[in-house]
Amino acid sequence: MGSYILKRLISAVPVLIGITVIVFLIMAMIPGDPATAILGSYATPDNVAKLNRDLGLDKPLVARYFIWLGNMLTGDFGRSFSLNRPVLDEILERFNATLILAGTSFVICSVLGVLAGVVSAARQYGLADKAITFVVLIGISIPSFFLGMMMILLFAVNLKWLPVSGMYAIYGGGDLPDLLSHLIMPAAALSVVATGVIARLARSAMLEVLRQDYIRTARAKGVGEGRVVYGHALRAAMVSIIPVLGIQAGFVLSGSVFIEIVFQWPGVGRMLVDAILKRDILLVQGGVVFVAACYVFFNICVDVAQSLLDPRIKT
Amino acid sequence: MSAALKVTDLAKTFPISGGLLGRQKAGVRAVRPMSFEVAQGETLGIVGESGCGKSTLARMLVGLLDPTEGRIEIEGKALDNADAAAFGRLIQYIFQDPVSSLNPRKTIRQIMEAPLKRLYGMKRAERDTRIAEIFDSVNLREEFLDRYPHEFSGGQAQRIGIARALAASPRIIILDEPVSALDVSVQAQVLNLMRDLKAAFGLTYLFISHDLAVVEAVSDRIVVLYFGAVVEIGRAQEVFANPRHPYTKLLADSAPVVGRPLTAPEQTSSELPDPLNPPPGCAFATRCPRATDICRQSDPQLEQVGDDQYAACFHPL
Amino acid sequence: MRFLSLLFRNRLAAMGAVVLSLIVLLVLLIPVLPLQDPDVTNTADRFLPPLSEGHLLGTDHLGRDLLARLLYGTRLSLAVGLFAALIAGTIGSAVGIVAGYFGGRIDNVIMRGIDMLMAFPYILLALAIVAALGPGLLNALIAVAAVNIPFFARNIRGITVGLAGREFIDAARLSGMGHGRIILTELLPNVLSTIVIAMSTTVGWMILETAGLSFLGLGSQPPQADLGSMLGEARSSMITNPHTSIVPGIMIFLIVMSINLLGDGVRDALDPRLRSGALARPQARTMVRRKAPLPADDGKGLLNIQRLETQFHVGKRVYRAVNDVSLHVNAGECLGVIGESGSGKSVTALSVMGLVASPPGVITGGAVRYEGEDLLAAPYESLRKKRGEKVAYIFQDPLSTLHPLYRVGDQLAEAIQVHHRVSDAEARAKAIELFRSVRIPNPESRIRNYPHEMSGGMRQRVGIAMALANDPDVIIADEPTTALDVTVQAQILSLLDDLRRERGLAIVFITHDFGVVAQLCDRVAVMYGGRIVEQGTTTDILDRPAHPYTKRLMACVPELGGGKRELAAIPGLPPIVSDLPPGCAFAPRCHKATPACREGEIALDGGDARAVRCIHPEEEIA
């Protein structure tokens, strides 16, 4: 097992390098003088010159890439001009908030999605199946940002059950219950689509598995139906569900950008959108690379979980 | 008269991607260097169990797989699979799964036309006459031409596969388990048809199968493969009636025969050696009741053991 | 046409189609509708509520007519989403086909690149692209298309790899076709439906994604608006004037939902597996809907199948897989059931313990009696308790019939523990003992293997050990050696024979091989077209077959030791059980058939010892 984890970690290195190359190339597409583009047209000539020197923008593309990569490896992601602080500091602070939001949503959608899908498959064409299918269909069709706005209208503005936005109350907040009350709506809005997608997939994976010969074997042995469905079939279905959980984690992370905007959640997503609108390119670059790298490591965990479940994967 | 097909030291090794740094380990030797000849108009049977390399051999012969070493000659000329059209006019292949060998989205006519167009550049009218001729010779009705493959049963689909191979007017046809997907009652129809076609068109067959009785019934000579190597070659009526290699004997004794009492043939184990890490010496030694020390040390070579019969064994029966 | 009728048979898909066409129709009618200019501001009329005069849906924060903005925005969103899907679908599919067809190094390089792109959560890549190109609808379209390319490439590559390994691609190569031609004429037609399915299920996504970018202010720029930017602009006044948010929000929802419904419908209509209804979940036991009265218990045998009828109901077609079959087996006896594919032999076997997949399988008549009790009428729990405990099965392909994720020892232990309260340690000890009894070497270490770590012969021994786990009285073996090599088959058969003698088992042995029947079975029933055509002791049937089918089938089987020879054949094809001819099913292929053979029911004449269903039998039976 240890050797498998090591192997996966090593295989992540080229992926991480690829990520930096892609981000670097995309940023190199920015037309015109990069420094002016990064700093915006109102930048002083001094600032432009300084940035050109800092980034070595006078050097060729390949050299620039390695300078940038080298700096990042030493923890220097550059300095955000719009916030006037190191990019990494800002990212680390914001990432914490995103992790709380996206993590909660991911747990919700994984548990609910798999549960709904399995129940739906177990009672195919029954009332529960029809109800779940219908709710799921609505769930995957509704834009999360619209759903978030409607939730604010209903639960915060009209019913006044929950705070409108933010992560903590401005006065007197800061403890766990305060955080939770702020977290409920955004986490729920964020998990709806992913829950729907996972439920659909889990349902079809279960239906596929339930037709397999080894399920018939289990029945022929006299194994009861509950154990057939929730033991034999679910375990086999998890083999195709787990990779989808990994992909959906990416979607949850993506969706958090919108939710953070709607709910004024102080996370990386909101930071990125602000940075783009302010053309704070270093902050965008750093944020994208950082989050993508975290996602790569999350996917390694998914693969390890998969290899624990499926002995056919060589360890 | 030169041989229709001559194979010299033909071998295939599948590389295995190496460990962490991608270093090349020794690969799996699916086919060990083997040599044999097929005479003009002959049917050579190739028989062996799973893992013996018979399908790899077949795919190399028709150019779908490049050999690692060795050469293939057809009618005295070395085979060159660079020119697909020239190649297709010499040798054709009939597949194990007849339905899967027909493109589900094409009509039978489109399937039949491909070799005529690509290999011979025939015009429309010419093609139609030729297809009619071929269909007549395999007993298929022309109305089938505008249907799609899923409308046919396995036996009919295999006739269509045969018709397609004939359309290329090849000299040699490789038959890879052509009837093992068919029911017994249909199997004989197809086998008899192929025998008639062979006489009518002067073809040479290489007939690959795991079914000993079928191979014996259609072949002139038989090659027995085990673990990628030839263990015995001989005339069809001799090989199983009078096997000289212990593995051939085991095969012959294992085939269920009406009226023979049920006894598992004597052997110490039933497992093939690990292909990733094969033991030295004869691959059959671990299962062989006659094995001695020499069998576990060096590879036996194919040696003449009787009239036109060869066996690769230190202690032939 | 067939596709459309299939599509609209799905009510939800039809509903989606109706809603979507209404929206598209409205959008297409924009030039002729009396709409106001969507971009003319009139701050005096800001935030008019819906149903105001002159503004059906009210106005927004700049006093612009919401209805006009909604329709123009919808047009823009639809167009952008559709274009993004087309671009992503085309490029992604092309990449996927090339990678999947050529394989090897090309595949490796391409898929590594795709994996890199997939390593980003999609929005990050889109944000990076928009950050570089600058905000704008066209750039948002490019970003959305780009982040969806990997999805198509992966999907299509997967399908292509499967197809490229298929034999018809090899056949095309041997017909002299080049790579380009094979890709265009052999592969593309076969992946096209998958591409269409993938597109129709992702258009909705792409509309959502572009709307999302616009919502963030990174897509369409003012004054032009798509649905996303309308929602984004309305957000600041959401609390005071919710209608400006709700109107575009509902529209996005309607569009995406109708596209999703339609997409699901397209998928179901194009996917042949779903079309035949095969994805229905098989129930815990086969459905029983007996039409004929229950046959009286005649007290024969330990297991007694009486006048069994099993059918498959697929759409309007009825496949009569098993038709009036009666069989029985005594303790210590081996009954062979022989027939070709489609003869109903396996369905007969599976019907006994209700293991025929249902739907589509239905038992429509007869009885299955075990020690006199009718299993078809028994409550589920009572049937379940007999499965494996009294009547056990051995199946054909031991790789697909063992659970791939459980250790073989655990699967064996489970077979014991579902029927008996024994500790894990005891079950394990019993498993080792069973492995030893089926002659698996090193049972102590073998029980820790997974099925994929064993050879075919060893796996089938596990299958047999599992069947023996609870000392059943009857074992039903459904072609247990068909997937095995001859040398292994011989060993498995002699193992079964020994076990039967040692334990006094009753075995029902299903096979298509006369050689196997001859060696193992005491009595034989021959099936054709879902019926028993002949039955008797093995020696009688083999020496003096009475039914022309039996006689001629046996002549077809080549026997080892005969040398090169002409083989006997039966002309024609086996019958299709959804379209059986009246009278004898074999009549169309039979050289002795007379008009009488083609009409009316032909009875199985004779007794238990010897019976034949033929008007012109080859042998007179006593």
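Within every chain, numbering begins at 1; the chains are lettered A, B, ... in the order of the sequence lines, protein sequences first and strands thereafter.
- Chosen from Glu238(B), Gln96(B), Gln187(B), Arg59(B), the residue pairing most often with chain C at heavy-atom distances under 4.5 Å is Arg59(B).
- For the pair Arg181(C) and Glu186(C), the salt-bridge criterion is not met [side-chain N within less than 4.0 Å of a carboxylate O].
- When each of Asp220(B), Val186(B), Val62(B), Ile111(B) is checked for heavy-atom pairs under 4.5 Å with chain C, Asp220(B) comes out on top.
- Within 6.0 Å of atom NZ in Lys106(B), more than 12 heavy atoms from other residues, nucleotides or ligands are found, so the atom counts as buried in its surroundings.
- In this structure, the portion of Pro574(C) lying under 4.5 Å from any heavy atom of chain B is its side chain and not its backbone.
- Within the 4.5 angstrom heavy-atom criterion, no atom of Ala555(C) approaches chain B.
- Between Asp498(C) and Arg501(C) there is no salt bridge, since no side-chain N of the basic residue sits under 4.0 Å from a carboxylate O of the acidic one.
- For Glu479(C) and Lys345(C), the salt-bridge test passes: some basic side-chain N is under 4.0 Å from an acidic carboxylate O.
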| field | Test log, rule side-chain contact (heavy atoms from CB on, under 4.5 Å), inputs Ile492(C) and Gln489(C) | value | CA-CA 5 Å; Ile492(C) 297 284; Gln489(C) 164 172 300; 5.8 Å; no
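- Heavy-atom pairs under 4.5 Å with chain C were tallied for Arg105(B), Gln156(B), Arg164(B); the largest tally goes to Arg105(B).
- Your options are Gly45(B), Ser100(B), Ala86(B), Gly88(B), and the one with the most heavy-atom pairs under 4.5 Å with chain C is Ser100(B).
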| request: Check the pair Arg112(C), Asp107(C) against salt bridge (charged side-chain N to carboxylate O under 4.0 Å, His left out), reporting the backbone distance first and the verdict last. | output: CA-CA 8 Å; Arg112(C) 280 283 158 86; Asp107(C) 183 32; over 6 Å; no
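- In this structure, no portion of Thr482(C) lies under 4.5 Å from any heavy atom of chain B.
- Remark: aromatic rings of Phe284(B) and Phe227(B) are distant, center separation not under 6.0 Å.
- Both the backbone and the side chain of Tyr93(B) have a heavy atom closer than 4.5 Å to some heavy atom of chain C.
- When Ala255(B), Ala168(B), Ser219(B) are compared by the number of non-hydrogen pairs under 4.5 Å with chain C, Ser219(B) comes out ahead.
- Contact annotation for Leu119(B): both backbone and side-chain heavy atoms come within less than 4.5 Å of a heavy atom of chain C.
- How far CG of Asp183(B) is from CD of Gln189(B): 10.5 Å, rounded to the nearest 0.5 Å.
- Residue Leu573(C) touches chain B through its side chain alone, counting heavy-atom pairs closer than 4.5 Å.
- Only the side chain of Asn192(B) comes within less than 4.5 Å of a heavy atom of chain C; its backbone N, CA, C and O stay farther away.
- Interface residue Thr185(C): backbone and side-chain heavy atoms are both found under 4.5 Å from chain B.
- Using a 4.5 Å cut-off between heavy atoms, Ala217(B) contacts chain C through both its backbone and its side chain.
- Among His210(B), Gln237(B), Glu49(B), the residue with the largest count of heavy-atom pairs under 4.5 Å with chain C is Glu49(B).
- Counting heavy atoms of neighbouring residues, nucleotides and ligands inside a 6.0 Å radius, atom NZ of Lys198(B) exceeds 12 of them.
- Interface remark: Arg552(C) contributes no atoms to any contact with chain B (heavy atom separation under 4.5 Å).
- You'll find the ring centres of His179(C) and Phe102(C) inside the 6.0 Å limit.
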